[in-house]
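Please read these numbers as outputs of a predicted model, since none were measured by experiment. As the structure lists them, so they are numbered: ligands from 1, and atoms in each ligand from 1.
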Amino acid sequence: MGTLIQYLTVVSAIVLAVQSQPSFMEYIERRLSAFEDRITLWYDQTQRYSSEYREFKNQILALVDGLDKEREEQRNNLDIATSRIDRIERELDYLETRNPAPTCVEVDDKILEQTVEKAQEKKQKYNKVIECREMIANIKAMKIVKKLETTSGLWTKDLLSDSEKVYVFDGVGNDTVYEFARLRDLTDFSGLMKAKKIKLPYPWAGTGHLVYKGFLYYIRNEPQFQVIKFDLRNKTVTDSAMFPAEQQIPIYSLSPFNYIDLAADVDGLWAIYATKENENRICLARLDPKSLDIEQMWDTPCPIENAENAFVICGTLYVVYNTRLRSRSRIQCVYDVSDMVTTEDAPLVYFPKRYGTHSSIKYNPVEKNLYAWDDGYQIIYRLAMKQKSEL
Ligand SMILES: *[C@@H]1O[C@H](CO)[C@@H](O)[C@H](O)[C@H]1NC(C)=O
Ligand SMILES: *[C@@H]1O[C@H](CO)[C@@H](O)[C@H](O)[C@H]1NC(C)=O
């Protein structure tokens, strides 16, 4: 946060400088190009890059002091400069997460300590045993299965059965779900034509739904947040539950249509959500698949900001982050309810390619694959797993 404030100071400094002196613009142009080139060339040399950036900032701050504030014709140039600075900042963010620079401001440490203390206060070990001990080691491969027209949506199989059926939620709100008898029916050229349409009694909202042991669990937003359990065999609602959290907010800043995101692993069902109360961090709850009762809830340290999606494997929440420009999605925050894995232990896993933002990612515990929807592409990611190490 401290560094972000510094960068913002630089942006406003540049705004003032450019308004006052056109020749200054050229200087900034030159320097920005240099930085952009360096990002490509010196991708890994984070620390050196950061300190040069700080030097550049100081230079500008010094120059700005002497300039007057009158010109407005430069507004266009200014917009370009601002967006380039924005991009550089995002790149910097990205580089810093790969190879964190030493903290340069004292305030940073304090904030961090408080956050850690707070997280520890709220940390509560799960009171049931999680049998499964696997965690992600890497993403082995990806396969693009299909491209549909809708940018955001959800596709999944039944996550805990050997059924071949595939379900498509085309968009982020509707009352119809497409059911394909097998994956091949989705991948051939007939679009959604080969699907059976299932019309639900209440519309679904977001991409937080899942199919689990023959039931569709889906999220209803209106009139309030509800989880609906729908029997896919006889097409009836078997249960529904109000979600007990208050003042819910979108869970992922890059997929703002999700207020509740359901996840399944071999142990059962989970709900990922966020509330105003928990300072912009993601919360996790354990759901009883039969009654939809919430068994336990956790405040995780994972921020909402720049999160695009999340999923749960063996009681561990994996949150996927991105920056809007040029970067690849990555698992950058991990929270384990059995307390065996922390973000520091977990490998920083990058997704192989970037199209847009993952509007949904569902873990399939039977196949050990992720079913994802990225900017209209339906993708399967194959995971390499390893054992959570005993601590
Ligand atoms: C669902 O989607 C279809 C196809 O895009 C559209 O025609 C229909 O109006 C939508 N229904 C609702 C309830 O949004
Ligand atoms: C649908 O099937 C479930 C069992 O899977 C049963 O409990 C329920 O009564 C059935 N509903 C209807 C309307 O047949």
Colleague: Less than 3.5 Å apart, N/O on ligand 1 and N/O on the protein: could you list those pairs with the distances?
Modeller:
| unit_1 | atom_1 | unit_2 | atom_2 | d |
| --- | --- | --- | --- | --- |
| ligand 1 | 2 (O) | Asn174 | ND2 | 2.1 |
| ligand 1 | 11 (N) | Asn174 | OD1 | 3.3 |
| ligand 1 | 11 (N) | Asn174 | ND2 | 3.3 |

Colleague: Using the rule side chain to side chain donor-acceptor pair (under 3.5 Å), only one of Thr343, Thr316, Thr300 pairs with Asp336; which is it?
Modeller: Thr316
Colleague: Do Thr150 and Asp170 get their side chains close enough for a donor-acceptor pair, meaning under 3.5 Å?
Modeller: yes
Colleague: State the atoms of ligand 2, each with its element, that fall below the 4.0 Å cut-off from a heavy-atom position in Asp231.
Modeller: 1 (C), 2 (O), 3 (C), 4 (C), 5 (O)
Colleague: Can you find an N/O atom of Asn234 closer than 3.5 Å to an N/O atom of ligand 2?
Modeller: yes
Colleague: Without swapping roles, check the side chain of Arg182 against the backbone of Phe180 for a donor-acceptor pair under 3.5 Å.
Modeller: no
Colleague: Regarding Arg220 and the six-membered ring of Tyr202, is the cationic atom NZ or CZ under 6.0 Å from the ring centre and inside 45° of its axis?
Modeller: yes
Colleague: Are Asn278 and Thr275 linked by a side-chain donor-acceptor pair shorter than 3.5 Å?
Modeller: no
Colleague: Among Ser329, Ser359, Ser360, Ser253, find the one that has a side chain to side chain donor-acceptor pair (under 3.5 Å) with Glu308.
Modeller: Ser329
Colleague: Taking only heavy atoms of Thr236 into account, list the atoms of ligand 2 that are under 4.0 Å away from them.
Modeller: 1 (C), 11 (N), 13 (C)
Colleague: Within a reach of under 6.0 Å around NZ of Lys235, are more than 12 heavy atoms found that belong to other residues, nucleotides or ligands?
Modeller: yes
